[in-house]
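Proteins get letters first, then strands, A, B, ... in listed order; numbering begins at 1 in each.
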2 protein chains.
Amino acid sequence: MANIQDVADAAGVSTASVSRFLAGQKVRTADAIRAAIKALDYTPSTIARSLKTGRHNAIGVVVPDITNPFFAGLVRGIEDQARVKGYDVILGNSDESPTQEEALVQALIKRVDGLIVAPIIEEDQSILSLSKTSVPVVLVDRSVTSTNYDSVLVDNIGGITLAVDHLVALGHTQIAFISGPFTSTPGRARHTGYVIASAARNLDHHPEFVIEGDFREESGDAAMRQLWNLPNRPTAVVVANNLMTIGALKALRELDVAVPAQMSIVGFDDLSFAELLQPPLTVIARGDNDQGSRAATLLFGRIQGTRTRSGEVMTLPVQLIVRKSTAAPLATTSGTPISSATTPKETTAL
Amino acid sequence: MANIQDVADAAGVSTASVSRFLAGQKVRTADAIRAAIKALDYTPSTIARSLKTGRHNAIGVVVPDITNPFFAGLVRGIEDQARVKGYDVILGNSDESPTQEEALVQALIKRVDGLIVAPIIEEDQSILSLSKTSVPVVLVDRSVTSTNYDSVLVDNIGGITLAVDHLVALGHTQIAFISGPFTSTPGRARHTGYVIASAARNLDHHPEFVIEGDFREESGDAAMRQLWNLPNRPTAVVVANNLMTIGALKALRELDVAVPAQMSIVGFDDLSFAELLQPPLTVIARGDNDQGSRAATLLFGRIQGTRTRSGEVMTLPVQLIVRKSTAAPLATTSGTPISSATTPKETTAL
DNA sequence: TTGAAAGCGCTAACAG
DNA sequence: CTGTTAGCGCTTTCAA
């Protein structure tokens, strides 16, 4: 591979001139340099450039799992912005593990100009320690217990409130909640939304109606089974993310329970195929791609020095999309006192 | 940030010793160096290291769209392998555009040790030109017209044959095919599979039964409508990828056609939620994650010099998963001659 | 085993 | 506008 010296020699100029030419500055010998570059098929070494300038032209993105459609959309939004700015994106999957996240962040921090991460837990040491470095960081979807970070979140509480209100309007009073980990922002915030909305609607408090999952499909499945096996089971459930919703739906199907007749369900995060599900899924939707591009915009603002102070937090709106997985509860299901329903026939016969 | 010189000074040794210590070689002053590193919180600059060694510890991955669940799974498989080997992965979305792919490849080639790409078209200039560089490349899912590349593909022809045979066994004779672009490997190969399998089963040849889509959801939707509007419409359709299948399903729903009663459908590529669709989708499945990790393994074999010759092509098996979107055709639908169906009433009245 | 020193390819003063 | 030159931080001969 030809280097800048070769080009300089071929063009009969100094390396400095070639460098200037490359930077778009005016040079008298532009034509000769251009010719030499073409003749030698020269492309500058990004590595050498980075070593000299300290810039990498790359950003890092750390998400729990690219396989989750939400994060795929998010990453796509980021990627598109990055390409426009001429930056590469280095992807890392933390797999919902703080340890793995820490390792990724430590590895990436040395080869990127900025980092976008969806931190697993709010007490995230690896993220918190990032404030000591000079690399700009923006948090997305999830936050940490510090106000110093730029972050783009969604209105979790408002979203869950929308879901609960919708269910209440339908006549439900027994509403369960399959939560994400309380240690994460969306886990905690959505649960808070459930608690607040339930209280606002004067729903009875059933501690057994909230089950803490881990945002993965299997935990949604398990939680749904647990809910269904309750002696006093709920008539509706709101699920804190897309993967757990799929798990819950699978459980419901295997359990042979009719949705929404026997159980209404609303999920968090829309899916491209939500309307094709059986039944079409009622969801709280947000723009994944949009959330990604906003995060990227925030990050590039800091990288390019347009914005010097961090700590800006954007909270994006969400929207309830009503489809067919929610309906009024069966008349018999809940209103009736438990005692009468469970009293043996013999007793009434006396 | 402390550099190697600082550490050397603090430990009272030369930079060479620190470098050797870092490389895991035996050094007398190991303890002092270790202490200095810890005291200064030193981490070596990957950039400087790269400039010196020519290695980047990163691989590039170029796929059409990370938002497609198949590619998300593929990338995940690659990522996991890469992390184990200590490599970062730089992601690029070509968006089914050869131009964009070319730009990505050109940009990545300079900062990675190897490249995994799913080329948009088989006559791919940007990929073909890669053979001149020294960077190892492995092709995945899609190939190019050259035998010199390592590639991991799937048994496209076998998969489509499985689908057609399944449909024929059910009693279908009017089977349509929504294809991907003929310029791409899976587009061409799956179409070939359709042609071969149809011929083997002595199915009538209906040129209007194959529609060339672009692998995206919208084109599946459009193709399905086109098929449905045919005067002599098919009773079953096989769709060449997951996104187009979703599109076709949406069209069918809007058209109010009952699946599988009025139209049987089998998709290529399984989806985590395929069984939750209405109806649960019959598909040709393959291991996306597995395909990714195999590609990664092939690539690292070349990067680390274990394998010196390229040109190895792996063809992974596929599997038919029968669910509920396929059934026997309605008795009336096809057997009847077209003439009788389309002949105006007036004519018969004469 | 160790240190001195060269140099990977580039950019950015600096001096002209 | 141009060339000379000094590094960016590291690895790796080469000699000791």
(request) Check the pair R216(A), D95(A) against salt bridge (Lys or Arg N to Asp or Glu O under 4.0 Å), reporting the backbone distance first and the verdict last. (result) CA-CA 10 Å; R216(A) 285 151 153 153; D95(A) 226 355; 3.8 Å; yes

How close do [X] and [Y] get, heavy atom to heavy atom, and via which atoms?
X       : Y       : result
I303(B) : D113(B) : CG1-O, 3.5 Å
I66(A)  : F71(A)  : CD1-O, 4.2 Å
R307(B) : E312(B) : NE-OE1, 3.7 Å

(request) Name the residue closer to the 5' end of DNA chain D, choosing between L22(B) and T15(A) according to the nucleotide with the nearest heavy atom. (result) T15(A)

(request) Please tell me which of R20(B) and L51(B) maps to the more 5' nucleotide of DNA chain D, matching each residue to the nucleotide holding its nearest heavy atom. (result) L51(B)

Rounded to the nearest Å, what distance is computed from the [atom1] atom of residue [X] to the [atom2] atom of nucleotide [N]?
X       : N       : atom1 : atom2 : result
F21(A)  : dC1(D)  : CZ    : P     : 14 Å
Q25(B)  : dT13(D) : CD    : P     : 11 Å
K52(A)  : dA12(C) : NZ    : P     : 7 Å
R55(A)  : dT11(C) : CZ    : P     : 9 Å
D6(B)   : dC10(D) : CG    : P     : 9 Å
I4(A)   : dG7(C)  : CD1   : P     : 18 Å
R111(B) : dC10(C) : CZ    : P     : 14 Å
I47(B)  : dC10(D) : CD1   : C1'   : 12 Å

(message) I want to check one thing: is the phosphate of dC10(D), taken as OP1 and OP2, less than 4.0 Å away from some side-chain N or O of S45(B)?
(response) no

(message) Does a side-chain N or O of S19(B) approach OP1 or OP2 of dC10(D) to a distance below 4.0 Å, or not?
(response) no

(request) Among R83(B), R76(B), Q81(B), find the residue that satisfies the side-chain hydrogen bond (donor to acceptor under 3.5 Å, both in side chains) test when tested with E79(B). (result) R83(B)

(message) At a heavy-atom distance below 4.0 Å, what parts of residues 7-14 of chain A sit against DNA chain D?
(response) V13(A), S14(A)

(request) Could you check which of dC10(D), dG9(C), dT2(D) has an atom nearest any side-chain atom of S17(A)? (result) dT2(D)

(message) Under 4.0 Å, heavy atom to any atom of DNA chain C: which of residues 27-43 of chain A qualify?
(response) Y42(A)

(request) Say whether E122(B) and T145(B), considering side chains only, have a donor N or O and an acceptor N or O under 3.5 Å apart. (result) no

(request) Would you please test D141(B) and R286(B) for salt bridge (Lys or Arg N to Asp or Glu O under 4.0 Å) and show each step? (result) CA-CA 11 Å; D141(B) 184 51; R286(B) 55 172 158 173; 2.8 Å; yes

(message) As an exercise, state the distance from CG of D9(A) to OG of S14(A), rounded to the nearest 0.5 Å.
(response) 10.5 Å

(message) Please determine whether a side-chain nitrogen of the Lys or Arg among E123(A) and R188(A) lies less than 4.0 Å from a carboxylate oxygen of the Asp or Glu.
(response) no

